Structure formats: structure tokens, C-alpha cells
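In what follows, every chain begins at residue 1, and chains take the letters A, B, ... in the order their sequences are listed. These numbers come from a predicted model, not from an experiment.
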Number of protein chains: 2
Amino acid sequence: MARPRSFDEADVVARAREAFAETGFAGTSLDTLLEATGLARQSLYNAFGGKKELFIRAFLSDTAEAIEAVESIRHGSDSPITRIRAQLVKMAVAHGAAQAPPSLFTKAAVELSARDPEVASTAAAAFETMRTHYAACIAEAQEAGEIDGAADADSLGAFFCAVIEGMGTLGATGIPRATLLDIGFTSLAAIPITELGRARLGTNDGDWS
Amino acid sequence: MARPRSFDEADVVARAREAFAETGFAGTSLDTLLEATGLARQSLYNAFGGKKELFIRAFLSDTAEAIEAVESIRHGSDSPITRIRAQLVKMAVAHGAAQAPPSLFTKAAVELSARDPEVASTAAAAFETMRTHYAACIAEAQEAGEIDGAADADSLGAFFCAVIEGMGTLGATGIPRATLLDIGFTSLAAIPITELGRARLGTNDGDWS
DNA sequence: AACGTTATTGACTGCTTGGTCTAGAACCGT
DNA sequence: ACGGTTCTAGACCAAGCAGTCAATAACGTT
């Protein structure tokens, strides 16, 4: 019936996400965006509506991905406490990569939350969801006897959200990966791990340099 | 010999800091800045050189203040472990204030570290200094018998830097103060506190709602 | 192969940006 | 009160900005 698009919408959003993550919303011009995505001015307006709308698309996409990454700790063949540690390691490695800008999720939350209620509430809701996932995994570990049943799973969940966000900010400044890993392992000490849990984790923290 | 300035330089930097903290570097126009500081265009250029230079001044000023706030935990009449807890509470309260934008220190680190090596290295050095202060306070607590001497003070120092940065990001999104306080208290559990230390802290976490 | 529909192209617009220039005002030491 | 120096005020500038428009190109359907 009509001329088909010469670009993949999801692909454009992904490229826009990279651009916005690097220079932020205000710091990324439309021209930069067009170059990064490869599409023409009017195509961007036809398909997305404008700069702000494309940004929101990219932001929501990144937020969904961040949530998904946390959600993944609820499944897996390893024991729950092991999965928590693995998540901390994964995040430390990701945020400790050289010249890795913070995720768009974090960047948008810091840049725009004060002025844009939509961004703020989306980010806040995302943290709430992440906290739930951590808490569920901790509760599972409690049922498995790896963590003291008296521990407050919700508090620990919020705590891990904060630690990982903190790693993101520190990592953005170029703090070495080893330090971030150290932070991750240190945060594990906030969990009252049982003898069984400790045995499941093993003594080996691994070599992540 | 000549006409004196009609403004206080430090005061202008302070006002600029608020403006930049609210809307970031790229998001704050020179006109906004002039309105916020109350000075005329040329005066800003005479006194500071330009937008970028004023930003750096504000950023450095905020960074120094952030470091000073952490440095303060090394002194005081309370016992070291008590001072650490008080610092966590102070940060949670500060970052949990309604409509409180993140500090310029944090905002600049997230917005510009990827592109501006000066900002990145300044922020990284600031974190290193903060870590040192935390570590020194923890070491003092170890000598006082409040914390297990086997604990790694440096690791705990970096850990608290991350927790507090995380509280800043979460707080920016509007997460309630109570949650931030919860995070602070939870993070305390990562410290191997001795019986004596626990007694010094008391059982009362206080009412901070 | 002709048509209707949609995508692309690039010129264009009005506004905002950071930064400069020039003229005049305010102050201090003498 | 005067002169030298510095500060301030507001007009000014070129470049960059987000967004629009009209003309053209590419496709699927019939």
C-alpha cells in the first residue's frame, strides 16, 4: 500500500539510547541524534514525534532492560545466595568497564528527575520493582536456609539497589573495576548468611581483575 | 583606585551551583545563570571567563564541601562508630528531602565524566579522599574495640561511598526518606561490630520520619 | 502500468545559544 | 574635583537549536 520504512524502529531506539547515555538529554542535539541513528530529520518526526518523545522511548527501553537484568536473579540453576553474588559481580564488571558511561536509566534519573515528574516516577517505580526482585531472591534464600530467616528481605532489597546505583556513579568517574568488585563483595556482608549459605558460596571469590 | 564589584564572588558561585545542580551543565543557559546570580553578562565574563569556567568553579566548590562533610566524621565527641551511623543518617535525610536535586558533585560526575576528563578525575579523586576519611574513622573504631580488627577498613570506606552515592540517585527520583534511612541502617550491618560497639550504638535507631 | 499512500530529502524558519563590543557609570587615591 | 581604572548595561553577532514544509521517491495493490 505504501512505501516501507528503511529503518528498524527498535534499532533506532537502541542507537538513540547510546547517544543519550553519552551526552544526556540537553547535551544531545537533534543533528547528533540523526547522525547516530542514520535517519533523516523528517523520518524521526514521523516515526517518534520529536526529540523528547524519542528520548522517552529510549529511556523506557533502557529501564525495562535494567529491570529485566535484576529480574533474572530469580531464576537459574545456582542457589539464590549465589545468584545474588553473581549479580553484584556482573554489575561491578559492567560499570567498571573503561570509558563506560552510566546507563541511560541512571543518567536520566539524575539529569531530569528534579524537573520531569514522568522520568522521576518511572525511575522510582523501577527501583521499587528491582527491590521486589532482590527481596524475593533473598526470601528464597531464607527458605533454603542460606540466609537467617530474621533478616528483612525488603530492606536488603532496597540496600542492594542503592549499592548498585552507587557503583554506577563511581564507575562513571573511572574508579577501577577492582574497587567496584570490592564494594560488591563488601556489601554481601550486610546479609546474615548462615553456615549453609556460606558453604554454598564457597570461599572462592574468584579472579575478576 | 577603581570601581568595586557589586557582587560577592563566592555568593555568585553558590547561586550558580544551585542553578547547575537543578538543570545540569548543558541544560542551564547563560540567561538562566544571569538571572539566578543577578549579575550582568559582561560581569560574569570579566569575573569568571565564561559558562564552562563558572561551572568548574561551582563544581569544585561543591566537591570540596562534599569532602568536608565526610571529613567531619573524623572529629567529634561521639564514639567513631556512632559518628559513622550519624553520617549515614545525615545523608539519608539530606537526599531524602522532597524536591531535592542531587548535589552538583553527583550531577556533574554523571553528566560529564564520560566526556570531560577533568570532571572525571576530580570526582574520582574526591571519592578516594572520602574513602580515606571513612577508612580512618573505621580504623579508629577498631582501635577503640568497636569494630572487629580483622575488618578491611579501606573496603568498607569504598563501600560507604557507594552506598551514599546510591542514596543520592535514589533520593533524586523521589524515593521516600524512610527508605533511604532504611538503606543506611542496613548498610551498617556490613560492618563487623563488636559487642562493645553495639553497646555504644545503643538499640535506638531514633525516629527520623 | 497506473494509483494511492507513505517515507525520504533537504531547504527553510524563527528562536535560543554562548560570547563580544561599545558606551557609560561608579569608585578610589590624589 | 578630577583622572585612571574597573565594573555594568544593553545592544549586537554568528552559530546552533528544534521543528516545519513542500517536493520527490519508493512501495503494494489493483
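Across every non-hydrogen atom of A/Arg83 and A/Ile73, the tightest pair is NE-O, 2.5 Å. Shortest non-hydrogen contact noted between A/Glu165 and B/Thr169 is OE1-CG2, 3.4 Å. Closest of all the heavy-atom pairs between B/Thr186 and A/Ser155 is OG1-CB, 3.6 Å. Across B/Leu180 and B/Met167, no two heavy atoms sit closer than the pair O-SD, 3.6 Å.
Counting only residues at least two apart or in different chains, side chain to side chain donor-acceptor pair (under 3.5 Å) contacts with residues 6-16 of chain A comprise A/Arg5-A/Glu9, A/Glu9-A/Arg57, A/Asp11-A/Arg15. Within the structure, salt bridge (charged side-chain N to carboxylate O under 4.0 Å, His left out) pairs that include any residue of residues 64-82 of chain B comprise B/Arg17-B/Glu65 (at least two apart or interchain).
Look at A/Ser43 and you won't find any side-chain N or O under 4.0 angstrom from OP1 or OP2 of C/dT9.
Where B/Pro4 and B/Gly50 meet DNA chain C, the nucleotide closest to each residue was compared, and B/Gly50 sits on the side nearer the 5' end.
Separating the CZ atom of B/Arg5 from the P atom of C/dC28 is a distance of 15 Å, rounded to the nearest angstrom. One interatomic measurement links the two molecules: CG of A/Asn46 to P of C/dT8, which rounds to 8 Å at whole-angstrom precision. Regarding B/Lys51, its NZ atom lies at a distance of 15 Å from the P atom of C/dT16, rounded to whole Å. At whole-Å resolution of the value, OH in B/Tyr45 and C1' in C/dT22 are 17 Å apart.
Checked by atom type and distance alone, the side chain of B/Ser113 never pairs as donor or acceptor with a backbone atom of B/Val110 at under 3.5 Å.
Annotation: cation-pi pair A/Lys107/A/Phe59 absent, no NZ/CZ under 6.0 Å from the ring centroid and within 45° of its normal.
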With 3.5 Å as the limit, what N/O pairs link the protein to nucleotides 23-25 of chain C?
| unit_1 | atom_1 | unit_2 | atom_2 | d |
| --- | --- | --- | --- | --- |
| C/dA25 | N3 | B/Arg3 | NH1 | 2.9 |

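You'll find the side chain of A/Lys90 reaches within 4.5 Å of the side chain of A/Ser72, heavy atoms only.
In the displayed structure, A/Glu35 atom CD is contacted under 6.0 Å by at most 12 heavy atoms of other residues, nucleotides or ligands.
Considering only residues two or more places apart in sequence or on other chains, A/Glu18 meets the salt bridge (Lys or Arg N to Asp or Glu O under 4.0 Å) condition with none of them.
Applying a 4.0 Å cut-off to non-hydrogen atoms, the residues of residues 26-42 of chain B that approach DNA chain C are B/Thr28, B/Ser29, B/Leu30, B/Asp31, B/Arg41, B/Gln42, listed by residue number.
On the nucleic acid side, DNA chain D contacts chain A at distances under 4.0 Å to non-hydrogen atoms, with the end points of that region at D/dC17 to D/dT29.
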